[in-house]
**Q** 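Submitted below is the structure of interest, expressed as structure tokens.
What's counted below: heavy atoms across the whole structure, side chains too, no hydrogens, waters or symmetry copies.
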2 protein chains.
Amino acid sequence: MKRPKKQRQQALKDSIKDNPFVTDEELSVEFDVSVQTIRLDRMELAIPELRERIKHVAVKTFEDEVKSLPIDEVIGEIIDIELDNKAISIFDVKPEHVFQRNKIARGHHLFAQANSLAVAVMNEELALTVKSELQFLRPVTAGQRVVAKAEVIESHPEKNRAFVKVVSSVDQQTVFIGTFEMYRMTEQSEGEAK
Amino acid sequence: MKRPKKQRQQALKDSIKDNPFVTDEELSVEFDVSVQTIRLDRMELAIPELRERIKHVAVKTFEDEVKSLPIDEVIGEIIDIELDNKAISIFDVKPEHVFQRNKIARGHHLFAQANSLAVAVMNEELALTVKSELQFLRPVTAGQRVVAKAEVIESHPEKNRAFVKVVSSVDQQTVFIGTFEMYRMTEQSEGEAK
DNA sequence: CCCGCTATTAGCACTTGGTACTAATATGAG
DNA sequence: CTCATATTAGTACCAAGTGCTAATAGCGGG
């Protein structure tokens with residue numbers, strides 16, 4: 001068996017990569033070699049045992065939990081808020097938020113922080129964005145901390161409308177400005193999306 | 001020890017919840033009882049053993065991997081693209097994209113799909129959003145499929161600027177309109193963020 | 001044809017972090 | 001004091017390994 005070994009090891013690597021939950025025994029059946037051979041292969045390839053692999057995946061998830069939660073809830077951490085008036089949040093730009101090519105933060109993360117803050121300053125989960133205008137003034141890069149300040153600049157409670165202006169900055173320099181026209185849903189008017 | 005048992009079990013539950021990676025042995029030290037007591041407690045509380053806990057976390061992560069990847073890369077799946085001209089992407093709204101209260105999709109997901117598409121239609125990772133105007137016309141709810149169509153409506157290659165209009169719809173009904181002023185970076189001009 | 005080399009397989013002892021079960025001992029309430 | 005519950009101890013066993021030694025295959029070259 002002159003080639004098979006290298007081939008098998010490559011295949012083994014791939015197989016484990018896309019299903020880390022496979023045991024040596026299952027692999028030995030898959031590749032029709034003994035369990036020991038699989039073990040030797042893993043050694044040579046420095047692939048850890050099943051339990052360690054699972055643990056790594058789990059630890060990764062567990063650590064991500066903190067940073068993936070805010071992706072769907074409020075983006076950025078709200079550090080100060082006065083309902084219907086103003087609010088401030090901070091958002092630390094991490095490698096996963098930027099373009100790989102130039103390390104500049106993707107626009108939707110800045111928007112998400114600002115929009116989340118605009119929603120939050122209104123009133124807990126009952127506000128929708130109707131319109132908005134955005135300006136991305138300077139590129140933001142990984143490692144920077146973006147401070148967003150939201151202010152309710154106009155309120156028309158009778159029409160359930162309000163305008164919120166959000167200014168985001170890094171080191172006192174403004175990087176983003178957004179104005180949001182918000183619609184405040186009343187409890188009754190909730191159920192009318194097609 | 002009349003109360004301690006219930007209290008310990010509650011504390012045990014909490015302890016395992018915020019650190020699923022703890023062994024019975026470590027817990028027995030933490031609560032100053034024997035390992036067996038910890039095991040009995042776990043039985044009563046139907047808490048699985050360490051490895052099973054880790055596995056659950058890992059499986060969860062693994063399944064999430066598919067849906068968390070598009071969050072940071074292109075949001076939505078691009079199904080057609082003509083560079084510098086137009087592009088189409090679809091985005092299936094899932095429960096994790098909506099407000100819990102009213103099941104309406106959070107604005108930043110619609111923005112992210114549109115913005116990603118605007119970036120994509122320009123030229124591979126070298127475009128930045130400068131300004132944009134958005135209109136959220138109708139609420140989108142979980143389960144719906146949003147089709148976004150981007151079109152380059154104006155191009156000023158000499159100024160490295162272009163305008164892209166994105167119209168998103170659900171079942172032929174327009175739900176979102178965004179116009180994006182894009183800046184196309186040249187390879188040389190990349191390195192100038194503070 | 002045998003020598004040598006790598007690859008493969010086998011076997012055993014030991015490890016972690018448990019389960020399952022039995023039995024002994026506390027401990028506190030009535 | 002007694003009974004029930006709680007706790008602890010101890011044993012056998014399991015999965016999925018590691019680590020190590022040793023036997024065997026397969027093959028290419030001289």
**Q** Output the rounded distance in Å from CG (A:L40) to C1' (C:dT6).
**A** 12 Å

**Q** Can you check the B:E26 CD to C:dG18 C1' distance for me, whole Å?
**A** 14 Å

**Q** Classify the angle between the aromatic ring planes of B:F136 and A:F111 as parallel (below 30°), tilted (30 to 60°) or perpendicular (above 60°).
**A** parallel

**Q** Ignoring backbone atoms, establish whether B:R8 has a side-chain N or O less than 4.0 Å from OP1 or OP2 of D:dA6.
**A**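 Answer is no, no contact under 4.0 Å.
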
**Q** I need the CD-C1' distance between B:Q7 and D:dA6, as an integer number of Å.
**A**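 For the pair B:Q7 CD and D:dA6 C1', the rounded distance is 15 Å.
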
**Q** Could you tell me which residues satisfy side-chain hydrogen bond (donor to acceptor under 3.5 Å, both in side chains) with A:R145, sequence neighbours excluded, listed by chain and number?
**A**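 Partners of A:R145 by the side-chain hydrogen bond (donor to acceptor under 3.5 Å, both in side chains) criterion, ordered by chain and then number, come out as A:D92.
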
**Q** Can you tell me the distance, in whole Å, between the CG atom of B:L27 and the P atom of C:dG17?
**A**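 From B:L27 CG to C:dG17 P: 12 Å.
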
**Q** Looking at B:E181 and B:R161, is there a salt bridge between them, counting it only when a charged N and a carboxylate O are closer than 4.0 Å?
**A** yes

**Q** In whole angstrom, give the distance that lies between atom CD1 of B:I38 and atom C1' of C:dG17.
**A** 14 Å

**Q** Could you give the CG-to-C1' distance, from B:D41 to D:dT8, as a whole number of Å?
**A**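 My rounded result for the distance is 13 Å.
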
**Q** Grab the CG-P distance between A:L12 and C:dA7 for me, whole Å please.
**A** 15 Å

**Q** Using a 4.0 Å heavy-atom cut-off, does B:V33 contact any base of the nucleic acid, only the sugar-phosphate backbone, or nothing at all?
**A**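 It contacts sugar-phosphate atoms only.
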
**Q** Starting at atom CZ of A:F31, determine the distance to atom C1' of C:dT8, rounded to an integer number of angstrom.
**A**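 Taking CZ of A:F31 and C1' of C:dT8, I get 16 Å after rounding.
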
**Q** Who else is in the cluster with A:I153 when I, L, V, M, F, W and Y are joined by side-chain contacts under 4.5 Å?
**A**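 Besides A:I153, the hydrophobic cluster comprises A:F163, listed by chain and residue number.
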
**Q** If the condition is salt bridge (Lys or Arg N to Asp or Glu O under 4.0 Å), which residues does A:R138 pass it with, not counting sequence neighbours?
**A**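 Residues passing salt bridge (Lys or Arg N to Asp or Glu O under 4.0 Å) with A:R138: none at all.
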
**Q** Hydrophobic cluster mates of A:V22, side-chain heavy atoms under 4.5 angstrom, ILVMFWY only, any path?
**A**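 When side chains under 4.5 Å apart are linked, the cluster holding A:V22 also contains A:L12, A:I16, A:L27, A:F31, A:V33, A:I38, A:L45, A:I47.
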
**Q** Which letters describe nucleotides 12-23 of chain D, given B = protein heavy atom under 4.0 Å from base, S = only from sugar-phosphate, - = neither?
**A** ---BBBB-----

**Q** Do the side-chain N or O atoms of A:S34 get closer than 4.0 angstrom to the phosphate oxygens (OP1, OP2) of C:dT9?
**A**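 So the side chain of A:S34 is within the cut-off, an N or O lying under 4.0 Å from OP1 or OP2 of C:dT9.
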
**Q** Rest of the hydrophobic cluster containing A:V35 (Ile/Leu/Val/Met/Phe/Trp/Tyr, side-chain heavy atoms under 4.5 Å)?
**A** none

